[in-house]
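Written below as structure tokens is the structure these notes are about.
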Amino acid sequence: MLKHSLIILFLALTSHASGQSVIFSPENEPLEVAPSSFGNKAIRMVTNASDQPVIAFGANGHLYVSIWNEAAGTFDAPLEIDSESNVFMSDAEGPRMASQGDYVVITYQIAGEWANGARSVHSMDGGLSWSDPVAMVSEATVDHFMPCVAIDNDGNPFAGVKVGNDPSSVYEGILQSQDGGASWLSAADASANADGDAVCECCPSQPFYAAGRYYDLVRNNNANIRDFWLMSSADGSNWDAALDIDPLDWEINSCPESGATVTGPMQGSEYLTAFMSAAGPSGQSRVYVSKMDLEANGGQGDWLSTEPVTVSQFDNATQNTPILGHWQGPDGNSILALAWEQNAGGYDVQIALSSSEDWSLTDVAQNLTAEWSGQHRKPVLVFTTDANGEPLLHVAWQHSSTGTVHYLRGSIASSVGTVCLSHPEPQIISDQNGITVEVGSKWSNSIYSLWTSQGRLLRTGEIQGNGAQSGRVHFSHQDLPAHMIFSMERSDGTRWAQQIIR
């Protein structure tokens, strides 16, 4: 079993939460999915109808799939996909996988065949057996690169591809299948309504189906402004809407080769997407989370807010490859998880959890891999439900030092040995005089910070109190932005952060 010191805890509480924090509690130490001879590139993970994790990964030219064997307590021997082809394997641009029940589909590219080398394979039995490869764009004469797959409400796959040979005019194409992946239609232009003339040619897209509509998250390229847009369509062929959901406006004259992740619904029709940008005040690559209302504007969507997952927790670190997951219990309880790779003198996997629909993921990360040597990168995660109806979180990542895929699973536990908030809980009050934050006595003498939603520090100070009385801090409306983050830290390291929209 893991030592108690493994679990590094920071409270993640919102102004409407019960005061109970949650942490990831691993069942055991990480295991290797397969020996290093199978590689560890392009890790993807989904679940089948039996709640078994299905992992895809590989080495240059070779793509494998392995399924969790509950009886054996390990993964089955990897099965190679399309052993006759030289599969293009890349962490950012390599194969993608999606599932719906026992239907699992993988899309990938044959190396060197950039125009018509997109392929798909599918499984009808949860990943045990696979179809022959299907050519997705067999008659294409220009590049159709990096197919990224999702599944619609009818159980048919659709995929985003980068179409074109000139980076200044590459557009996002959507390929649809209407027969479960046995054949594919020609690419429809999904990015025509976005600003500029191109999309990032090497950033993977994130198609998904939600609220009765087709969506695709794409990093756009508008004269080297590289930000994320939400493309949408009612039927998957006429992509008539494009929404800017990333206000950071990162300007860089190369493709960042990093995509977005999405989960939801959180509340009603609200979905979350996480992505990397280097446009914030730190100038480093950092992970941000945007909230979207998909049903607004007739299904074309509305951007609601964007905030970083770090404002004070990590002073000098780079972050990338975020992955989101969401578990919804039958009683309405929900858990939100966000993992990413972080380099602060060495790569580790960070994970942030929130137990409330009024979520908060800022400055609450625990280092998942701190106990183990080596470089830990490119995490993926999925939720399942255990035999008691509780959430079970599965995490896999690239262990670069050994060249293997590491896997860890565990429960979501309430924090132990921490001080919960006394009543009244922190309250954020907005009126005509400004913003007031009222806290209980246990937060007296805490250090507070007020940040812009992009992570620029506006104010900092100490919440005055003698340890036995409540405290408050007030900000006038003058010079305050519309979206902010208020964070506090006690002397024992306990943190609290909450988004403020006025």
*Just by modelled atom types, is the A242 backbone N or O under 3.5 Å from a matching donor or acceptor in the Q300 side chain?*
no
*Between the side chain of Y288 and the main-chain N/O of L248, is any donor-acceptor distance below 3.5 Å?*
no
*Option passing side chain to side chain contact (heavy atoms under 4.5 Å, CB included) with D216 (candidates P207, S233, S232)*: P207
_My understanding is that only residues two or more places apart in sequence, or in another chain, count here; which of them pass ring pair (Phe, Tyr, Trp, His ring centres under 6.0 Å) with W114?_
F88, F145
*When you check the gap from the basic side-chain N to the acidic O, do D240 and R213 get nearer than 4.0 Å?*
yes
*Quick one: does D102's side chain have a donor or acceptor within less than 3.5 Å of a partner on D125's backbone?*
no
_Backbone of N224 reached by a side-chain donor or acceptor of N221 within 3.5 Å_ = yes
*asked:* Distance to the ring centre below 6.0 angstrom and angle to the axis at most 45 degrees; does that hold for R377 and Y347?
replied: yes
_So, taking the atom named OG1 in T261 and the one named CG in L272, what distance separates them when rounded to the nearest 0.5 Å?_
10.0 Å
_Keeping T362 on the side-chain end and T310 on the backbone end, is there a donor-acceptor pair under 3.5 Å?_
no
*Output the distance between atom NE2 (H326) and atom CE (M266), rounded to the nearest 0.5 Å.*
4.0 Å
*Expected output: side-chain H144 to main-chain T141 donor-acceptor under 3.5 Å*: no
*Has the side chain of S177 got a donor or acceptor atom that lies under 3.5 Å from a matching backbone atom of S183?*
yes
*With no hydrogens and no angle check, do the side chains of D152 and Y214 hold a donor and an acceptor under 3.5 Å apart?*
yes
*Ionic contact status for R409 with E70, cut-off 4.0 Å*: yes
*Hey, would you say the W397 and Y407 ring centroids sit under 6.0 Å apart?*
no
_I'd like to know if the side chain of N343 and the backbone of T318 have a donor-acceptor N/O pair within less than 3.5 Å._
no
*Mind telling me whether H376 and H406 have parallel, tilted or perpendicular rings, with 30° and 60° as the class edges?*
tilted
*Within the side chain of N220, is there an N or O that forms a donor-acceptor pair under 3.5 Å with the backbone of D195?*
yes
*Considering only heavy atoms from C-beta outward, does the side chain of V65 approach that of I106 to under 4.5 Å?*
yes
_What's the separation between atom CG in N48 and atom CG in L128, rounded to the nearest 0.5 Å?_
7.5 Å
*Just how far is it from atom OG of S290 to atom CZ of F275, taken to the nearest 0.5 Å?*
3.5 Å
*Only one of E93, E172, E201 forms a salt bridge (charged side-chain N to carboxylate O under 4.0 Å, His left out) with K162, so which one is it?*
E172
